[in-house]
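Here the structure is laid out as structure tokens; the discussion comes afterwards.
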Amino acid sequence: MGKLTYLSHSAWMIESGKYKIVIDPFLEGNPKASLKASDVKADYIIITHAHGDHFGDAIPIAKASGGTIISNFEIINYCNGQGANGHPLHIGGGRDFPFGRVKLTPAWHGSSFPDGSYGGTPAGVVLSLEGKNIYHTGDTGLFSDMRLIGEMTPIDIFLVNIGDNFTMGIDDAVKAVEFVKPKLTIPMHYKTFDVIDVDPQEFADKVKAKGFDVKVLGVGESLEF
Ligand code: NI
Ligand code: MN
């Protein structure tokens, strides 16, 4: 059995067996985060794109934990230049790691680093572990090929951005759920900043009205899968 914990914004901790995996660990400078980067130990750090609210504390966490960063080729080159270990993937490609499989999926967005360096193409990620598939959208607008992602890998848990302004808003994210057809949807990327202050309960009600299961997780809340 695995454990999924919401660290706020698009940041998640997954515990599976002896492995700890974090996704998009934006903690320092995040007004909603309840943990500091120095509280987080991770064997693997998965990064969807280079924007500061996703790349976040990847390098300090990787260095302090001896963990491996998994992201696109350009982001891993950048991390290597900063003295952190990484494994490069790219869109459409996946690899089996000791804890499970990681595959990068498309995302319609940008991916420059806070210092302006080139961060390659933004991605979403499909993780397969504990016999379950988890799809984290990264930051993205709606695209109909989400349907293909759900067809190729039936999704158990769909972590979907709903905050509008920079990504899909609520109504587009409801359509994304209809495309992906996950067993459970959990919203993310809302309320961290004023421009993404949308109501996750409104999203949850609209998803339920379409016949899909949805759960709003508070910061620090966990779910077993
Ligand atoms: Ni972004
Ligand atoms: Mn973002």
Side-chain angles (χ1 to χ4, degrees), residues 4-14 21-35 37 40 45-61 69-79 86 89-91 102 104-127 134-143 145-146 149 157-174 176-177 180 185-200 203 216-219:
L4 174 71
T5 304
Y6 190 39
L7 305 183
S8 81
H9 202 55
S10 293
W12 300 86
M13 165 71 78
I14 294 172
I21 303 118
V22 288
I23 309 175
D24 285 0
F26 168 51
L27 301 170
E28 300 300 328
N30 172 349
K32 301 290 185 198
S34 59
L35 290 178
V40 175
I45 301 106
I46 299 172
I47 301 297
T48 61
H49 64 293
H51 287 164
D53 61 316
H54 297 259
F55 187 69
D57 306 296
I59 287 177
I61 291 171
I69 300 172
I70 301 171
S71 191
N72 74 29
F73 177 79
E74 291 82 0
I75 288 174
I76 296 305
N77 273 347
Y78 180 95
C79 293
L89 297 173
H90 232 306
I91 309 291
V102 180
L104 294 190
T105 63
W108 280 102
H109 194 64
S111 181
S112 54
F113 283 92
D115 68 6
S117 303
Y118 177 57
T121 312
V125 61
V126 174
L127 272 113
I134 300 173
Y135 173 21
H136 181 299
T137 58
D139 276 357
T140 188
L142 179 64
F143 56 96
D145 279 355
M146 284 180 170
I149 295 169
I157 302 176
F158 185 35
L159 307 175
V160 61
N161 52 217
I162 66 164
D164 214 348
N165 194 84
F166 298 116
T167 70
M168 291 186 285
I170 286 173
D171 291 337
D172 282 6
V174 171
V177 173
V180 174
T185 294
I186 306 175
M188 63 179 180
H189 208 269
Y190 58 87
K191 288 198 182 295
T192 322
F193 312 112
D194 289 346
V195 289
I196 58 170
D197 186 9
V198 304
D199 178 10
F203 171 73
V216 177
L217 278 189
V219 174

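These numbers come from the heavy atoms of this one structure, side chains and all, not from hydrogens, waters or symmetry mates. Counting starts at 1 for both ligands and their atoms, following the listed order.
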Vertex the Ni ion (ligand 1), rays to OD2 in Asp139 and NE2 in His49 - rounded to 10°
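For OD2 of Asp139 and NE2 of His49, the angle centred on the Ni ion (ligand 1) reads 90°.
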
Could you state the interatomic distance from CH2 (Trp108) to OG1 (Thr140), rounded to the nearest 0.5 Å?
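Reported value, rounded in 0.5 Å steps: 8.5 Å.
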
Does the Asn72 side chain pair with the main chain of Thr121, one donor and one acceptor, at a distance under 3.5 Å?
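A pair under 3.5 Å: yes.
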
Between Met168 and Ile162, is there a side-chain heavy-atom distance shorter than 4.5 Å?
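With C-beta onward as the side chain, the pair stays apart.
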
Which label fits His51 and His109: parallel for a plane angle under 30°, tilted from 30 to 60°, or perpendicular past 60°?
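Perpendicular.
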
Ring geometry between Phe193 and His9 (parallel below 30°, tilted from 30 to 60°, perpendicular above 60°):
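Ring orientation, 0 to 90° scale: perpendicular.
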
We want to know whether Asn77 and Tyr118 form a side-chain donor-acceptor pair, criterion being a heavy-atom distance below 3.5 angstrom.
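No.
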
Using a cut-off of strictly less than 2.8 Å, determine whether His54 has an N/O/S atom near the Ni ion (ligand 1).
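Checking His54: none of its N, O or S atoms is under 2.8 Å.
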
Got a sec: is Asp53 within less than 2.8 Å of the Ni ion (ligand 1) via an N/O/S atom?
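Of the N, O and S atoms in Asp53, none lies under 2.8 Å from the Ni ion (ligand 1), which means no.
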
Indicate, with yes or no, if the rings of His189 and His54 have centres closer together than 6.0 Å.
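Yes, the ring of His189 comes within the 6.0 Å limit of the ring of His54, centre to centre.
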
Check against side-chain contact (heavy atoms from CB on, under 4.5 Å), Ile14 and Ile23:
CA-CA 8 Å; Ile14 294 172; Ile23 309 175; 4.1 Å; yes

Closer than 2.8 Å to the Mn ion (ligand 2), how many protein N/O/S atoms do you count?
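With waters ignored, the protein N/O/S count below 2.8 Å is 4.
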
Atom of His51 nearest the Ni ion (ligand 1) (restricted to N/O/S, atom name only):
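Minimum-distance N/O/S atom of His51 relative to the Ni ion (ligand 1) is ND1.
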
